[in-house]
Amino acid sequence: MAGRNHLFIPGPTNTPHEVLSAMHVPMEDHRSPIFPKLLKPVLEDLKRIFRTETGQAFIFPATGTAGWEVAITNTLNPGDKVLIYRFGQFSHLWMNMAERLGLDVEVHEVEWGKGIPLDDMQARLKEDSKHEIKAILATHNETSTGVTSDIAGVRKAMDASDHPALLFVDGVSSIGSIEFLMDDWGVDAAISGSQKGFMLPAGLAILAFSQKALKLTETATFPRCFLDLKDQMAQNALGYTPYTAATPMIYGLRKSLELLFDEGIENVYARHFRLAEGVRRAIAAWGLKLCAQPGFESDTVSAIVVPEGKDARDVISTAFNRYNISLGAGLTEVMGKVFRIGHIGDMNDVSLLGCIAGVEMAMLDNGFDIVPGSGVAAAIEYYRSTAAE
Ligand SMILES: *Cc1c(COP(=O)(O)O)cnc(C)c1O
């Protein structure tokens with residue numbers, strides 16, 4: 001089909017042409033004396049995205065899933081108790097990993113559409129007077145339901161109950177797009193990946209650890225080798241990596257960081273809010289609802305619930321086959337019930353308006369009872385009235 005395929009999935013996201021160009025480099029020797037000039041500043045600059053001065057950033061040639069495993073195996077011991085709230089596919093998968101690795105996983109089920117229930121968490125932590133819970137595994141932005149949890153609130157609940165547990169946060173679809181404050185929130189392991197807010201292909205787990213977490217790498221008894229942070233620390237200090245570096249990805253990351261810093265990280269957060277809000281106005285104009293309940297709406301992805309009797313998969317396939325746009329599917333428990341619009345990464349008003357128009361066409365083709373142009377009109381009004389001078 002002529003014209004571009006536009007990705008409106010919440011990862012992989014669209015890669016800016018500047019980043020693609022930056023990655024188009026001949027292979028080089030990752031043991032050369034100039035390699036540290038690439039790696040060291042990138043690791044330093046990443047801290048400004050995680051918003052940490054005291055923590056340390058790492059990159060592994062892997063994906064976000066490996067990031068979960070790095071956090072668990074480098075700081076905990078088999079049989080340790082961890083607390084997790086399950087409210088979507090990603091919190092589910094993290095829980096599943098924790099179980100498969102042999103942790104004692106305490107799972108609290110939360111309705112899909114909501115996030116971490118802070119009062120319940122605080123009560124549970126208070127009750128744990130022996131401090132058996134060693135870590136809290138918190139999914140900041142649940143990409144499957146478009147739900148953002150309040151991590152500042154999690155830290156408050158931990159402090160209010162004087163609980164010393166580690167705080168691990170999955171920020172794969174939030175870091176670099178919506179506010180994430182590692183130091184302020186007292187996050188011990190922050191986990192991200194290259195193909196979401198960093199606007200790169202999949203292939204890097206991008207992580208940051210607190211000094212408290214890094215200290216535990218000396219005593220953690222989980223077997224690990226490829227994912228051992230101690231090897232990374234030893235080599236990164238010299239500007240190298242323990243094994244072959246994904247050099248073009250690091251060149252791409254350097255360019256992505258430059259783009260984010262040029263825009264200004266606060267402006268990046270504001271842009272994601274504004275773009276998301278236009279999409280939300282469109283959804284309301286269609287008379288449809290988000291999967292996310294009020295207060296939990298994500299600024300990087302919206303999961304839209306289709307009316308009774310409709311199958312969200314039809315909207316997604318019509319959108320792809322007729323209009324060449326890719327929408328996110330409903331995963332597992334919400335399969336067929338929601339489709340998702342990713343508004344994360346390299347996006348602007350007009351790209352989202354194209355998406356909203358394409359979604360309208362696909363819904364009309366599938367007999368949805370919506371007024372043609374209603375979503376586009378609502379988004380246009382919002383974007384025009386909030387556009388920069
Ligand atoms: C995409 C995503 C992951 C998984 O990342 P992979 O790179 O596919 O391993 C984990 N958590 C969240 C919240 C995600 O959005």
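Just so you know, ligand 1 is whichever comes first in the structure, and atom 1 is the first atom listed for that ligand. Numbering starts at 1 and runs along the sequence shown.
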Q: Could you tell me whether a side-chain N or O of His343 sits under 3.5 Å from a main-chain N or O of Ser302, the two making a donor and an acceptor?
A: yes
(Q) Does this structure show an ion pair linking Arg124 with Glu132, if we count only N-O contacts that are shorter than 4.0 Å? (A) no
Q: Answer yes or no: is there an ion pair linking Glu263 with Arg271, defined by an N-O contact shorter than 4.0 Å?
A: yes
Q: Taking only Lys NZ, Arg NE, NH1 and NH2, and the carboxylate oxygens of Asp or Glu, determine whether Asp188 and Lys215 approach each other closer than 4.0 Å.
A: no
Q | Lys/Arg-Asp/Glu bridge criterion (N-O < 4.0 Å) met for Arg254, Glu258 | A | no
Q: With a 4.0 angstrom cut-off on heavy atoms, strictly below it, pick out the residues next to ligand 1 and order them by chain and number.
A: Thr63, Gly64, Thr65, Trp68, Phe90, Asn141, Thr143, Asp170, Val172, Ser173, Gln195, Lys196
Q: Identify whether the distance between the nearest side-chain nitrogen and carboxylate oxygen of Asp349 and Arg384 falls below 4.0 Å.
A: no
